[in-house]
Amino acid sequence: MQDKKRTWGKFILEVIFLVALFTLVQYLITVGILNRYYQINLTLMGINIILAVSLNLINGFTGQLSLGHAGFMAIGAFASVIMTTLLDYPFIIGIIIAMLAAALAGFIIGVPTLRLKGDYLAIATLGFGEIIRVVLQNIDYTGGPAGISGIAKMTTWPVLFIAVVVTIVVIVNMINSSYGRAIISVREDEVAAEVMGINTTKYKVLAFVVGAAFAGLAGALYAHYFYIVKPETFNFLKSFDILVMVVLGGLGSTTGAVIAAIFITVLNAFLQEYAAVRMIIYALILIIVMIYRPQGLLGNKELSRKSFNRIWGGKHVSSTNK
Amino acid sequence: MSHLQINNLSKSFGGLSAVLEFDFTISQQELVGLIGPNGAGKTTVFNLITGVYKPDQGKIYLEGKDITGLPPYDICKKGIARTFQNIRLFNDLSVLDNVKIALHTDVPYSLSASVLRLPSFFRGEEKMHQQALEYLKIFGLDTIKDEIASSLPYGEQRRLEIARALATRPTLLILDEPAAGMNPNETKELMELINWIRDEFNLTILLIEHDMSLVMGVCERIYVLDYGQIIAEGIPEEIRNNKRVIEAYLGEEVG
Amino acid sequence: MLEFIQQLINGLSLGAIYALIALGYTMVYGIILLINFAHGDIMMVGAYVGFFSISLLGSNIIVAMVFAMVTCALLGVVIEKVAYRPLRNSTRIAALITAIGMSLFLEYVTLYFLTAQQRVYPASAFPLHKYEIAGLVISNKDIFIIVSAVIMMIILQYIIKRTKTGKAMRAVSLDKEAAVLMGISVDRIVSITFAIGSALAAAAGVMIGLYYNAINPLMGIIPGLKAFVAAVLGGIGLIPGAMVGGFLMGILETLVSGYWSSMYRDAVAFGVLILILLIKPTGLFGKNTGEKV
């Protein structure tokens, strides 16, 4: 009973926090304190959080290095734009189709490639990501290399906020369940997991499909904020961008991914005029993090109130519920 | 009907025979030992039974049903669980989570229930939590359930691996050198424990062990493997006095 | 038919370039199991060094190539020491991510200092002649590229098969621990491998400069990836495999752009890669080895 009360208490606190955050930002937008520039970066931040958290499901929790996340984002972007701009359906249909299309692509790509291990998988996913882009560049219906422009701006703050919250809640809930433990067991020791009854291929594909679906969501949000989508936007450098966030935050830490996504977005905003410097910093982040802290800033730990207690309370707080 | 029956099983790696025409049978609730010098192919036999390797030829029957070539997770679901010679725990996870993963084959709620946090999720998690604790209690690990698996001392890691295997609710338990690296006292305790869980869970147990005296003491029947082939089979008394077995072991010590 | 043979000839020089780059990938992979993502960018640096030694120092193409090879050999050794050596004992994923970081680093440091501007390889370095034989056109550039690539491959084969260093390299790639016990310094061998691989990439860089006439800081990415595909195609870790794979990729690419669309030539490379990985991940000449449990 004690446990149940605590769970509810935590839940209510979280809801209050989210409502407050939403209302605050909405207020700042309405009164004009958050001007267009801030709003653009806020949107990018939300999209990056979705991308980082979803890639982290694949790279961090499942331990399968995927370098093709931008490809799924591209599929989501184009699928949603086809629905809304070319076929005049409402945005929500565009979003749903984007996620389904990306999930389907994730399934089609995941089933054969996830048999590959480690660096081979990384290269194969990189290859698929690039193939998606090149194919999109050659489809006349979606405008070829020029892409589609004149997309209505539908990614508003409420839409963005709901999308980010849904992404995090779905992935966190999934990870903190028996299914999540099965996914993590794949990362820990594939052979042992199989012998313990875990169909590792199934869980790898599951993680890949769910990750792809949310990358598709990010693509849809992106396309409906910036008026135009071009296949070139989703090249493998975009995949590396997302990888930087996941690596920096810690492979296997959702809070780490969120923090890193926010940090990288802010960094990008400051370095907008200096694209080369930005990329040099990214490169150094990858190299230095891998050499000195290969588990990333948070490793596979989550940042929670408990960890704050641990840091500032000075005394050891055991992680038991009792 | 025998619990597990193996006919004419062979496996070679790059032209080198690891297991050759292996025949084997074990009855319900029997405790059988598989011994042999280093490199005799014992672990390969285990890997073939549990589906980690695919055999080149031969058949494996579990309770009369052909399980040859099935993937490991299917074989596990059909009731075979194992441990590893070189301990393969989920190192970064807690002791409790290691066992919970083994319980996943019977997960009592759906994926959507966990995403939506439906009541069935909370009930199911509570049930899994209690079940996992029970398995840990058997091995005296419940007091350290929140420790990270890799931080445990060697003996506890071995016991956790057995607890985890047991949590998949097998009918046949395969132990690969469960007492390796343990002192005589620990080994004795472990063997008592193995006997106890066999009776408690009605298990059939097959184990590989290096320590001859130990195998002789606990196993009802013994198979001896050398260069991938069975060279002797029988009760401990017979094995002790078998000339070929002595040769195989002496040969190893000299070489 | 004549057109087909012409395409083959065109593909041959491109293939020689890919083969040179693929050799570096495959040698490094053979020794430390790392996909050196930055390898294509070392080639790019080689192309720039060649460019500047021609345009600023007025050296001829041979001198430029040697200069580029020496510079990049040093660069390769430094990169390995600074970025890869500390990760020798960590996971392969960590090493791969570092290599991606190193690749971005080389690209954008070059971009920062030399800008994204295309630079045209000085025509004076290599006056173009075209020869027509039985209806087929071949240029002195193509001949130069193919001949010098083949010479380098022969030298490489000699080093690996006949010299003590080559023997040590093969020993390290077979069994690192045993090699150490035999008194071989693994660090030294890894350094030499990086030096040789990077030098070959630099030569390829100068050749790409000649082949496409233009160079830019991001030019290493695509040929690098294609050469990697070539290495995988031939069986990664196998030196003859990289050579054959390189030529095959070059020919395939010219055929695809000749008969289909040059838009697809990059996608085809990845398609080939995925097909091999799915059908025979060990490549054309590789042997299968399962994971030991």
Side-chain angles (χ1 to χ4, degrees), chain A residues 1 3-4 7-8 10-11 14 60-61 63 115 166-203 206-207 209-210 213 250-253 295 299-301 316-322, chain B residues 46-47 50-52 71-84 87-94 96-118 121-122 124-126 128-129 145-147 149-150 161 164-165 167-170 174:
Chain A
M1 281 320 281
D3 277 6
K4 220 169 226 173
T7 316
W8 274 109
K10 200 173 151 237
F11 177 70
E14 280 166 1
F61 288 110
R115 292 185 309 153
V166 166
T167 306
I168 294 175
V169 166
V170 168
I171 289 178
V172 166
N173 282 356
M174 194 172 135
I175 283 300
N176 292 316
S177 78
S178 193
Y179 297 90
R181 288 191 292 266
I183 283 173
I184 293 169
S185 76
V186 175
R187 172 189 77 195
E188 292 290 307
D189 187 328
E190 233 179 295
V191 173
E194 282 262 327
V195 168
M196 292 303 127
I198 308 292
N199 180 348
T200 53
T201 310
K202 180 175 137 190
Y203 286 99
L206 174 69
V209 167
V210 172
L251 292 158
S253 167
Q295 68 275 44
N300 57 13
K301 306 279 183 307
H316 177 77
V317 181
S318 102
S319 50
T320 46
N321 305 323
K322 304 273 153 78
Chain B
F46 278 21
N47 283 332
T50 52
V52 176
Y73 59 87
D74 255 357
I75 291 177
C76 169
K77 283 178 194 159
K78 292 195 188 313
I80 301 182
R82 72 173 284 185
T83 63
F84 294 89
I87 308 185
R88 298 184 80 136
L89 290 169
F90 304 119
N91 277 328
D92 291 344
L93 305 184
S94 70
L96 190 64
D97 280 347
N98 264 274
V99 176
K100 279 187 182 172
I101 286 168
L103 293 169
H104 181 71
T105 44
D106 278 341
V107 55
Y109 52 85
S110 67
L111 178 62
S112 37
S114 68
V115 168
L116 299 172
R117 287 293 190 254
L118 298 181
F121 165 80
F122 291 102
E125 269 298 288
E126 182 58 25
M128 291 178 95
H129 187 81
K145 65 179 165 56
D146 295 313
E147 301 286 320
S150 58
E161 224 196 359
R164 186 182 66 172
T168 66
R169 274 143 294 180
I174 303 186

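In what follows, chains carry the letters A, B, and so on, assigned in the order in which the sequence lines appear, proteins first and then strands, with residues in each chain numbered from 1.
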Flag, side chain of A/Asn199 to backbone of A/Lys202, donor-acceptor distance under 3.5 Å: yes
Can you tell me if A/Asp189 uses its side chain to pair, donor with acceptor, with the backbone of A/Ser185 under 3.5 Å? no
Would you mind checking which part of [X] comes under 4.5 Å of any heavy atom in chain B, side chain (CB onward), backbone (N, CA, C, O), both or neither?
X        : answer
A/Leu206 : side chain
A/Tyr203 : side chain
A/Ile184 : side chain

A cation-pi test, strictly: NZ or CZ of B/Arg82 under 6.0 Å from the centre of the six-membered ring of B/Phe84 and no more than 45 degrees from its axis. Yes or no? yes
Assert top hit (heavy-atom pairs under 4.5 Å, partner chain B, pool A/Val170, A/Ile171, A/Ile175) equals A/Val170
Pair count under 4.5 Å, heavy atoms only, with chain B: among A/Thr201, A/Asn176, A/Thr200, highest is A/Asn176
When heavy-atom pairs shorter than 4.5 Å are enumerated against chain A, which of B/Leu93, B/Thr105, B/Asp97 gives the highest number? B/Leu93
Find the one option among B/Leu103, B/Asp92, B/Thr50, B/Thr168 whose heavy-atom pairs under 4.5 Å with chain A are most numerous. B/Asp92
Heavy atoms only: give me the nearest A/Tyr179-B/Val107 pair and the separation to one decimal. OH-CG1, 3.6 Å
Taking the side chain as everything from C-beta on, heavy atoms only, tell me whether B/Leu89 gets closer than 4.5 Å to B/Glu161. yes
Contact check, side chains of B/Tyr109 and B/Met128, non-hydrogen atoms, under 4.5 Å: yes
Proximity breakdown for B/Ile75 and chain A, heavy-atom pairs closer than 4.5 Å: neither
Atom group of B/Ala102 that falls short of 4.5 Å from chain A, counting heavy atoms: both
Show me the pairs that pass salt bridge (charged side-chain N to carboxylate O under 4.0 Å, His left out) and involve residues 102-114 of chain B, at least two apart or across chains. B/Asp106-B/Arg169
